[in-house]
Every structure is written in structure tokens, then in C-alpha cells.
Amino acid sequence: FLNGVVASTAINFTGIPSSAKRITVMLRSISLNSTSNIIIQIGSTSFLTTGYISSGAHFESPQFVDTNSNTTGFLISTSSTSSEKLNLIATIININTNNWVYYSTGSTETTSIKTFTYAGSASLSNTLNQIRITTTSGATFDDGSASICYE
């Protein structure tokens with residue numbers, strides 16, 4: 001397990017061993033200081049910021065709300081706000097060489113519960129050794145905890 005510090009615009013996990021083939025990202029009660037989408041970026045010598053295939057759906061009880069996609073990271077939440085606390089599990093799996101697929105599911109702790117389900121893929125030019133949790137707008141994480149485990 002690696003644990004992240006939340007009060008920042010990005011939560012970085014470095015030093016992931018080259019033998020890691022499956023990485024699980026866990027977020028607990030994460031919130032932001034302003035509205036933004038939350039993404040995961042993977043990296044080797046630097047973080048990959050383009051070329052992601054990432055899409056999914058957002059539901060608000062009791063109905064479907066919308067679909068979203070993103071190419072700058074694995075999308076895990078859309079329009080998260082400071083009043084929402086997100087709980088999420090995302091799994092990133094090495095398919096072959098430096099090709100990765102991912103899926104995630106999460107929900108908010110608010111009275112109008114939102115749920116998110118996303119999947120996608122990305123390829124690196126070198127071996128994955130780091131993961132970043134960040135936002136698409138530069139919003140700051142202001143509460144909660146983040147951790148990863150790998151196997």
C-alpha cells in the first residue's frame with residue numbers, strides 16, 4: 001500500500017515496481033475545492049497527458065444522467081464538487097508490454113447519490129512506475145484519503 005497526501009492539485013504515487021501488473025486505486029471521502037472532473041494519469045519517466053481512451057456513465061438516483069469521455073487521463077468522476085465526497089475503486093491492468101486497461105466504479109456520500117462507472121485504455125512508451133490522481137481544471141483536493149496497492 002502507498003498512501004497519498006490529499007491537500008493538493010495532484011496526488012502522486014511513485015516508485016511502483018516494474019513487476020506490477022495490476023494496480024488498484026482507492027479513494028475515500030475525496031472532495032474538491034471547486035467543481036471539476038477527476039482523472040488518473042499513468043507514467044514512466046513522466047506522466048502521460050494525452051492518448052487515453054476513457055469513457056463511461058454517471059447516474060444520479062434513480063436515473064441515468066449522462067455519458068462522458070476524456071483523452072487526458074482515465075476519467076473516474078465528472079462534475080465533482082466541494083459538497084460531494086467521492087468513494088471509488090479503480091483497477092489498472094497490464095494487458096501486454098506497456099499497454100494498460102482500466103475500469104472504475106464509485107459513488108458520492110451526498111443525499112442525492114451519484115454513481116460513476118468508467119473504463120478505458122492507454123499505452124506508455126516505457127514501463128509504468130507512477131500514477132497521478134488529478135483534476136481536469138486544476139481544482140484542489142481538500143479532504144479525504146487516497147491509496148494504491150499493486151500486485
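Start at 1 with the first residue, then count along the sequence.
Members clustered with F47: none, using a 4.5 Å side-chain heavy-atom cutoff among hydrophobic residues.
Taking CG of L27 as the start and OG of S145 as the end, the distance is 8.0 Å to the nearest 0.5 Å. The distance from atom CD1 of I131 to atom CG of L48, rounded to the nearest 0.5 Å, is 12.0 Å. Interatomic distance, S104 OG to I38 CD1, rounded to the nearest 0.5 Å: 10.5 Å. Within the model, atoms CD1 of I133 and OG1 of T9 stand 12.5 Å from one another, a figure rounded to the nearest 0.5 Å. Atom CD1 of I23 is separated from atom OG1 of T91 by 10.0 Å, given to the nearest 0.5 angstrom. Atoms CD1 and CD1, on I76 and I40 in that order, are 4.5 Å from each other to the nearest 0.5 Å.
At least one donor-acceptor pair under 3.5 Å links the side chain of Y102 to the backbone N or O of L75. Panel note: side chain E60, backbone T115; no donor-acceptor pair is recorded below 3.5 Å. Side chain of N12 to main chain of R132: no donor-acceptor pair is present (N/O by atom type, distance under 3.5 Å, no hydrogens or angles). Using modelled atom types, no side-chain atom of T140 and backbone atom of D142 make a donor-acceptor pair closer than 3.5 Å. Side chain of S107 to main chain of N87: no donor-acceptor pair is present (N/O by atom type, distance under 3.5 Å, no hydrogens or angles).
Put simply, the side chain of I39 reaches to within 4.5 Å of the side chain of T72, judged on heavy atoms. Side-chain contact between I16 and I148 is present, with heavy atoms from C-beta onward closer than 4.5 Å. For the pair I30/F141, a side-chain contact is recorded, criterion being any heavy-atom separation below 4.5 Å from C-beta on. Counting only heavy atoms from C-beta outward, the side chains of N37 and N70 never approach each other to under 4.5 Å.
Among the candidates K85, K114, R28, the single residue satisfying the side-chain hydrogen bond (donor to acceptor under 3.5 Å, both in side chains) test with E109 is R28. Screening N129, N94, T97, N98 against L124 for a side-chain contact (heavy atoms from CB on, under 4.5 Å) leaves a single residue, N98. In summary, of the residues considered (S18, S44, S19), a side-chain contact (heavy atoms from CB on, under 4.5 Å) with T127 occurs for S18 alone.
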Exercise for review: Give the intermediate values and the outcome of ring pair (Phe, Tyr, Trp, His ring centres under 6.0 Å) for residues Y118 and Y103.
Suggested key: CA-CA 6 Å; Y118 293 99; Y103 61 92; over 10 Å; no

Practice item. Might you work through the side chain to side chain contact (heavy atoms under 4.5 Å, CB included) test for C149 and R22, ending with a clear yes or no? Key: CA-CA 8 Å; C149 64; R22 177 185 173 117; over 6 Å; no

Exercise for review: Report the C-alpha separation of V25 and F13 in whole Å, then their side-chain angles, then the decisive distance to 0.1 Å, and conclude whether the side chain to side chain contact (heavy atoms under 4.5 Å, CB included) test is met.
Suggested key: CA-CA 10 Å; V25 177; F13 296 97; 5.5 Å; no

Practice item. Please step through side chain to side chain contact (heavy atoms under 4.5 Å, CB included) for the pair I42 and W100, ending with a clear verdict. Key: CA-CA 9 Å; I42 58 176; W100 297 83; 4.0 Å; yes

Check your understanding: Between L88 and T105, does a side chain to side chain contact (heavy atoms under 4.5 Å, CB included) hold up when you go through it step by step?
Key -> CA-CA 6 Å; L88 170 110; T105 187; over 6 Å; no

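Under the 30°/60° scheme for interplanar angles, the aromatic rings of H58 and F116 are found to lie parallel.
Considering every non-hydrogen atom in both G120 and F74, the closest pair reads C-CE2, 4.2 Å.
Heavy-atom neighbours of I89 CD1 from other residues, nucleotides or ligands within 6.0 Å: at or below the threshold of 12.
If you chain together hydrophobic residues whose side chains sit under 4.5 Å apart, L128 and Y150 fall into the same group.
With sequence neighbours left out, the side chain to side chain contact (heavy atoms under 4.5 Å, CB included) criterion links S137 to S36, T135, A139.
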